[in-house]
Structure formats: C-alpha cells, structure tokens
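Let me begin by presenting the structure, written as structure tokens, before commenting on it.
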Amino acid sequence: MKGTAGFAVLEAIRHRMKEEGISFDQAAPRVAREVVFTTHTPVPAGHDRFDGELIEGTLGPSANNSEFPAIH
C-alpha cells in the first residue's frame, strides 16, 4: 500500500521504547539515525496527506494514550 511507510517508523519507535524502557523523545532520534526516507516525486502533489482522524483510527489504541505524544 502507498503511504504506509510512516507507520513503520512509528512501530520502530514504539519497539525501541518498549525494549529499552525509554521515552518517545529518547527513542525518536535514535530511530531517525537508522531510517532513510526518499521520495520519487519531490513536489506537493507527490506527498500523501492524511486527516488526523484517519491516522488515529488506523493507529487504534496507540493514538489514544501517551505512547506517541507527537500525535496529540
């Protein structure tokens, strides 16, 4: 599916938080050093944009707790 790679990054952050017992703010930069993002269409029309309610619905319970404070 298109537009779902961002969720892989969130899962990597969540995994690191759980495995290392660290906060989102500690895990996010560690994961960022390990992730490479590229885009094949570097213009606004080439970027997926999603409504916040769709993202929260897709993330389920994770969107409704403090696990991912950047979402709130």
Inset, instruction - Inspect the surroundings of CD in E53 and state if more than 12 heavy atoms from other residues, nucleotides or ligands are less than 6.0 Å away. - result: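 It does not: E53 CD has 12 such atoms or fewer within range.
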Legend entry - Path from V35 to F24 over hydrophobic side-chain contacts below 4.5 Å: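 V35 clusters together with F24.
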Inset, instruction - Please report the shortest heavy-atom distance between R30 and Q26, naming the atom on each side. - result: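 The answer is CG-O, 3.5 Å.
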Legend entry - From R14 atom CZ to E19 atom CD, the distance as rounded to the nearest 0.5 Å: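 Reported to 0.5 Å precision, the distance equals 8.5 Å.
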Inset, instruction - May I ask you to test the M17-I13 pair for a side-chain heavy-atom distance under 4.5 Å? - result: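 With C-beta onward as the side chain, the pair touches.
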